[in-house]
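Take a look at the structure set out below.
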Amino acid sequence: MAEKVHITTAITYSNGPPHIGHAYEYLATDSYVRYQRRKLGRENVTFVTGTDEHGDKNYRAALAEGLKPKPFVDRISELFRAAHAGLNISYDYFVRTTDPRHQEFVQRMLQRARDRDEIYYRDYEGLYCVGCERFYTEKELLPGNLCPAHNRAVEFIKEGNYFLRLEKHRAEIRSHVERPGFIRPERYLNEVLNMLAEPIEDLCISRPKSRLDWGIELPFDSNYVTYVWYDAFCAYVSELPDTSDAALSAILPVTEHFIGKDILKTHAIYWPAMLISVGLPVYRCLNVHGWLNYGGQRFSKSSGNVADPLEYEKTYGPDVLRYFMLRDIVYGLDGDFSDERIIERYNADLANDLGNLTSRVLSMTQRYFGGEITSAPGANAEDRALAGVFAAIAEKAGAFTEELAFNRALEVIWQALDAANKYIVATSPFTLAKDRANLPRVAEILATLLEGLRVAADTLEPFMPTAARRILELLAVDEQSARAPYGRGLKPGHRVKPPVPLFPRIEKPHN
RNA sequence: GGCGGCGUAGCUCAGUUGGUUAGAGCGGAGGUCUCAUAAUCCUCAGGUCGUAGGUUCGACUCCUACCGCCGCCA
């Protein structure tokens, strides 16, 4: 049986429009997905993303705009769907937690957990923050009973609620967390282990409708809706074509989640507990990324520097934001983001290296041979050296991609482009071409380069899908030849197209 | 308060299990070629590797303390 993988982004909370932080998660995940599709075959990879639409904060965001919750989240969800389209995110399923199919699945999970006595009822009283949608203990609060996250008064609430047994499963959860590679990068492992070192409280998974009815009703008590996190986790699998136990038991062990570091705890503890409580296997791993800063400052709605990712697509063209984020940010660490840095990368890497290399090679092929490849790649030492560099990039970049080191993967490709530029200077085909007697050698040199460019474009596809396709179109290569190893793609007699500027230099910073 | 991370050239970062002159890219300076998007290519950075000690024949790489950021927990 073929190896499969199921990949998800976080199901995004829909209390506001998409910003650049969301885009980062989608782009990184999408590139990983595209890589996996190439490796395993498209049919063996599923990619789920979507919007998390229930809960107190969404409800309040809707009220703030004078809307009922459903029309509000309809609008927000549509914005996210548009962002995915604009960013070229190749998801297979876009889940909305308000979809009937998803809601039915959540209720199935809840009922099963209840039947297995994994959910129980008890009275609870405490200090509750509506912003956080959680209870606080008194010593967690700021003076004056203020919520430490929102700096606003918490409310005293006494009510019966349903709880999911967590402590009972703590050892089992820990055994999953400790699995090698379960949490990537490993730097986040300790945090979770610390949380699991001591007894953990069972998780309240209900909200009385009297307080909040914007949620999925508990199947065993119509006075309650379920906690938004319980709801959201289910979305990772709820809309797959087959949600039978057998299907889920197959898909969960090959499931990889991409999340931000802020939701590490919920994913590392609550979600495994939910799965264990219904007798399903725990997912394979959590890929945790950092936050994005803008010019050194954290993105936030209040500071007003929340950038619309689609504006960047419009300004710089497709793939540029994606290239920048993958190349300039170390996965797992916080990253800094600014127009100045994008433009630096754009000019240095995309215009000067990739774009210009494509132009000069295609231009010489056009000028000296009317676009026709008339030779196989050369066999001199310098030719073979360059061929060797390009022949190795797919495997090297792949290994880095597997470990989420997207920056290193791209570096490998760029080292090859660099070698190609040096090779052009060293072999000087443009000088040789002045004497027609040298044209056979010039043909070898260009064939060596064109084949390298082809391999580079092919390897680049997961990280720059649009640009890679444009280069392969300029090379006029069919899909099968595009994927071939170095030396097996472009053949003598093949005709390539004249160059077009892929990434025109940006001379002045945009505002 | 507890646990953990980070602090290397102007900027962003690499630096394997400690070992000859600490590396790369970008930016900046000079030069070169002319196929190419004034792009390419070559040369140039002398940075007390946060501070102070310690271990060692020898530490950016190990240990301790401290300073400065940051995260998680309490």
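Every chain is numbered from 1 and lettered A, B, ... according to where its sequence line falls, protein lines coming before strand lines.
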(message) What is the separation between atom CZ on A:F406 and atom P on B:U12, rounded to the nearest whole Å?
(response) 23 Å
(request) Show the numbers, then the answer: is there a side-chain hydrogen bond (donor to acceptor under 3.5 Å, both in side chains) between A:D339 and A:Y316? (result) CA-CA 10 Å; A:D339 287 83; A:Y316 299 110; 2.8 Å; yes
(request) Both distances under 3.5 Å, Watson-Crick or G-U wobble: on that basis, could you give the dot-bracket string for RNA chain B, with [ ] for crossing pairs and | for other-strand partners? (result) (((((((..((((.....[...)))).((((.........)))).....(((((..]....)))))))))))).
(message) Quick check for you: among B:C41, B:U37, B:C26, whose closest atom lies nearest to any side-chain atom of A:A348?
(response) B:C26
(message) Can you check the distance between B:U48 and B:U37, where both ends of the measurement are the P atom (answer in whole Å)?
(response) 43 Å
(request) Using the P atom as the reference point in each nucleotide, state the distance between B:C60 and B:A52 in Å, no decimals. (result) 13 Å
(message) Show, in sequence, the C-alpha distance, side-chain angles and deciding distance for A:F182 and A:Y283, and conclude whether the ring-ring contact (aromatic ring centres under 6.0 Å, His included) test is met.
(response) CA-CA 9 Å; A:F182 182 78; A:Y283 60 89; 5.0 Å; yes
(message) Output the rounded distance in Å from CD (A:E340) to P (B:G28).
(response) 14 Å
(message) Just the rounded figure in Å: distance from P of B:U12 to CG of A:D336.
(response) 8 Å
(request) With heavy atoms under 4.0 Å as the rule, sort A:Y368 into base, sugar-phosphate or nothing. (result) sugar-phosphate
(request) Consider the side chain of A:V425, meaning its heavy atoms from C-beta on, and name the nucleotide among B:U12, B:C35, B:C41 that approaches it most closely. (result) B:C41
(message) Less than 4.0 angstrom from a charged side-chain N to a carboxylate O is my criterion; do A:E311 and A:K314 meet it?
(response) yes
(message) Under 4.0 Å between a side-chain nitrogen and a carboxylate oxygen: does that hold for A:E473 and A:K497?
(response) no
Without placing hydrogens or testing angles, list every side-chain donor-acceptor pair under 3.5 Å for residues 368-380 of chain A, not counting sequence neighbours.
from   : atom 1 : to     : atom 2 : distance (Å)
A:E372 : OE1    : A:R495 : NH2    : 3.2

(request) Tell me which residues in residues 426-461 of chain A put a heavy atom below 4.0 Å from RNA chain B, sorted by number, or none. (result) A:F430, A:K434
(message) Between A:R454 and A:D458, does any side-chain N to carboxylate O distance fall below 4.0 Å?
(response) no
(message) Just to be sure I understand the rule, does A:R187 reach a base, reach only the sugar-phosphate, or reach nothing, if contact means heavy atoms closer than 4.0 Å?
(response) sugar-phosphate
(request) Taking atom C1' in both B:G27 and B:C44, compute the distance separating them and give it to the nearest angstrom. (result) 14 Å
(request) Starting at atom CG of A:N421, determine the distance to atom C1' of B:C35, rounded to an integer number of angstrom. (result) 11 Å
(message) Using a heavy-atom cut-off of 4.0 Å across all strands, would you classify A:L264 as base, sugar-phosphate, or nothing?
(response) nothing
(message) Let's see if you get this right: which residues in residues 355-366 of chain A place a heavy atom under 4.0 Å from RNA chain B?
(response) A:G355, A:N356, A:S359, A:R360, A:S363, A:M364
(message) Taking only side-chain N and O atoms of A:R367, does any of them lie within less than 4.0 angstrom of OP1 or OP2 on B:A36?
(response) yes
(request) Not counting sequence neighbours, list each pair that qualifies as a salt bridge (charged side-chain N to carboxylate O under 4.0 Å, His left out) and has a residue in residues 184-200 of chain A. (result) A:R184-A:E256
(request) Check the distance between B:C11's C1' and A:R345's CZ and give it to me in whole angstrom. (result) 11 Å
(message) Would you measure the distance from the C1' atom in B:G28 across to the matching atom in B:G68 and give it in whole Å?
(response) 29 Å
(request) Look at the rings of A:H22 and A:H19 and say which category their plane angle falls in: under 30° parallel, 30 to 60° tilted, over 60° perpendicular. (result) tilted
(message) Could you check whether A:E411 pairs with A:R327 (Lys NZ or Arg NE/NH1/NH2 to Asp/Glu carboxylate O, under 4.0 Å)?
(response) yes
(request) Quickly work out the A:E186 CD to B:C6 C1' distance and round it to whole Å. (result) 17 Å
(message) With rounding to the closest Å, how many angstrom separate the C1' atoms on B:U21 and B:C49?
(response) 15 Å
(request) Quote, to the nearest angstrom, the C1' distance that separates B:G53 from B:U12. (result) 32 Å
(message) Could you tell me how far B:C35 sits from B:A24 if I compare only their C1' atoms? Round to whole Å.
(response) 28 Å
For residues 425-441 of chain A, run the donor-acceptor check on the side chains, cut-off 3.5 Å, and write out each pair with its distance to 0.1 Å, sequence neighbours left out.
from   : atom 1 : to     : atom 2 : distance (Å)
A:T427 : OG1    : A:Y423 : O      : 2.7
A:S428 : OG     : A:V425 : O      : 3.0
A:D435 : OD1    : A:A437 : N      : 2.9
A:N438 : ND2    : A:L432 : O      : 3.2
A:R441 : NH1    : A:D383 : OD2    : 2.8
A:R441 : NH1    : A:E444 : OE1    : 2.8
A:R441 : NH2    : A:E382 : OE2    : 3.2
A:R441 : NH2    : A:D383 : OD1    : 3.0
A:R441 : NH2    : A:D383 : OD2    : 3.4

(message) From CD of A:E411 over to P of B:U12, roughly how many Å is that when rounded to an integer?
(response) 17 Å
(request) To the nearest Å, give me how far apart CG (A:D349) and P (B:C13) are. (result) 15 Å
(request) Take A:V192 and A:R408, find for each the nucleotide of RNA chain B with the closest heavy atom, and name the residue whose nucleotide sits nearer the 5' end. (result) A:R408
(request) Using the C1' atom as the reference point in each nucleotide, state the distance between B:G46 and B:C63 in Å, no decimals. (result) 31 Å
(request) For the side chain of A:R341, starting at C-beta, report the closest nucleotide among B:C41, B:U12, B:C3. (result) B:U12
(request) Anything under 30° is parallel, anything over 60° is perpendicular, the rest tilted; go ahead and classify A:F337 against A:F324. (result) perpendicular
(message) Parallel, tilted or perpendicular: which one describes the rings of A:Y124 and A:F163, with boundaries at 30° and 60°?
(response) tilted
(request) Report the nucleotide, chosen from B:C13, B:C42, B:U37, that has the shortest atom-to-atom distance to any side-chain atom of A:F503. (result) B:U37
(message) Using heavy-atom distances to pick each residue's nearest nucleotide on RNA chain B, tell me which of A:E191 and A:P501 is more 5'.
(response) A:P501
(message) Tell me if the aromatic rings of A:H267 and A:Y236 count as close, with their centers under 6.0 Å from one another.
(response) yes
(request) Give the ring-plane orientation class for A:Y331 versus A:Y24, where under 30° counts as parallel, over 60° as perpendicular and anything between as tilted. (result) tilted
